[in-house]
Amino acid sequence: MTVVGLVVTGVPLTAHAADCAGVTVVVDFGSLGGGVRTGCAPGDPSSGTAALTSAGFGYTFAARQPGFVCRINGLPGSDPCVNASPPTAYWAYWHGRPGGAWTYSSTSASAYDPAPGSVEGWSFGAGEQPGIAPPAPAPAPAPAPQPTQPVPQPPTPQPGQPAQPGQPAPQPGQPTQQPAQSETPAPTTTPETTSAPPASETATSSSTASGSSVTPTSTTSVAVEPTAGTSSGGTVGLVVGLVVIAALAVLGVRTARRRAEAAE
């Protein structure tokens, strides 16, 4: 059976593995000119040639070698694409993983089924691998910085009224508290006690009386008025003084009577 060469044309697309939700295709034109181009075959292409077409590249099979790609995007134009290309100038077919290394394919592109997320490579020459490594996924974008919360500042004291540690600064219009004044205790007064005249003086005055007429010596009771603030000790002294005065008065009266009786 004779197979007529198939030519599929297309415009190559530029994409990266990170942007491709399918199979990434890398084509290195090498000495043919055009550099290295990258395309994306979205989804799950059924074969290597289907991925090449879906990525935007055209290809041509050799007429007498079914499944052998002799041209990509019409290059090289010098190859008649009747038989397989010579081993020094052909399209080598490779497989790879994003960010990994290339592996030479032992299966024709029309029979190989690339997995989504993988990378397909084509390089023209003497079997060299593509000039770039399988494209790695682009790094994930850095998360947006979170806004920082402002740090609360302590209140500023009013001018002329510095706040003391641990005490709030006084506000304008509020009365200022004055320190409490200690109360001075009222002085206590000691009661004055008037003592009675000695007993000898009373006896002398009695002995100077004449004849049979003896008049009892009159005694004057001294009243002691307690002053404000008198303590319990002053009260006891007052009572003792009154008792002494009364005893002296009684003694004077008895002495006068006895002398009167003796004179009769």
Side-chain angles (χ1 to χ4, degrees), residues 1-140:
M1 179 176 65
T2 302
V3 178
V4 179
L6 176 63
V7 179
V8 180
T9 61
V11 179
L13 303 177
T14 301
H16 298 283
D19 304 328
C20 182
V23 177
T24 301
V25 179
V26 177
V27 179
D28 186 356
F29 289 88
S31 60
L32 299 176
V36 181
R37 301 180 185 180
T38 305
C40 176
D44 184 9
S46 59
S47 64
T49 53
L52 188 63
T53 303
S54 182
F57 299 96
Y59 66 91
T60 303
F61 281 148
R64 295 180 180 178
Q65 190 70 35
F68 185 87
V69 177
C70 58
R71 295 175 187 170
I72 294 179
N73 283 357
L75 298 175
S78 59
D79 192 336
C81 286
V82 177
N83 298 312
S85 302
T88 57
Y90 74 101
W91 285 102
Y93 181 44
W94 300 80
H95 309 299
R97 301 295 302 176
W102 292 110
T103 302
Y104 191 82
S105 178
S106 58
T107 307
S108 65
S110 59
Y112 182 79
D113 183 8
S118 63
V119 182
E120 296 279 272
W122 296 86
S123 177
F124 183 81
E128 297 87 0
Q129 65 184 16
I132 64 172

(message) Less than 4.5 Å apart, side chain to side chain, heavy atoms only: is that true for Trp102 and Val119?
(response) yes
(request) Might you point out which heavy atoms bring Val26 and Pro135 nearest each other, and give the distance in Å? (result) CG2-CD, 3.9 Å
(message) Measuring only between side-chain heavy atoms, which start at C-beta, is Ser47 closer than 4.5 Å to Ser110?
(response) no
(request) Looking only at non-hydrogen atoms, find the nearest pair between Cys40 and Ala21 and report the distance. (result) SG-N, 4.1 Å
(message) Give me the atom names and distance for the closest heavy-atom approach of Tyr104 to Ala92.
(response) CE1-CB, 3.9 Å
(request) State, with a plain yes or no, whether a side-chain heavy atom of Thr38 is found less than 4.5 Å away from one of Thr24. (result) yes
(message) According to side-chain hydrogen bond (donor to acceptor under 3.5 Å, both in side chains), does anything in residues 121-139 pair up with another residue at least two apart or in another chain? List the pairs.
(response) none
(request) Check whether any side-chain heavy atom of Ser85 lies under 4.5 Å from a side-chain heavy atom of Phe68, and answer yes or no. (result) yes
(message) If you compare all heavy atoms of Gly43 against all heavy atoms of Pro45, which two are closest, and at what distance to 0.1 Å?
(response) O-CD, 3.5 Å
(request) Kindly indicate whether the side chain of Pro130, heavy atoms from C-beta on, has any atom under 4.5 Å from the side chain of Val36. (result) no
(message) Ignoring hydrogens, what is the shortest heavy-atom contact between Ala51 and Val23? Give both atom names and the distance.
(response) CB-CG1, 4.4 Å
(message) Within the 3.5 Å criterion, strictly below it, is a donor on Ser105 or His95 matched to an acceptor on the partner's side chain?
(response) yes
(request) Heavy atoms only: give me the nearest Phe61-Thr49 pair and the separation to one decimal. (result) CZ-CG2, 4.0 Å
(message) Just to verify, what does Leu32 make a side-chain contact (heavy atoms from CB on, under 4.5 Å) with, not counting sequence neighbours?
(response) Phe29, Leu75, Pro76, Trp91, Phe124
(message) Within this structure, what is the CD1-CG distance for the pair Ile72 and Asp28, rounded to the nearest 0.5 Å?
(response) 10.5 Å
(message) Which residues pass the side-chain contact (heavy atoms from CB on, under 4.5 Å) test with Asn83, not counting sequence neighbours?
(response) Arg64
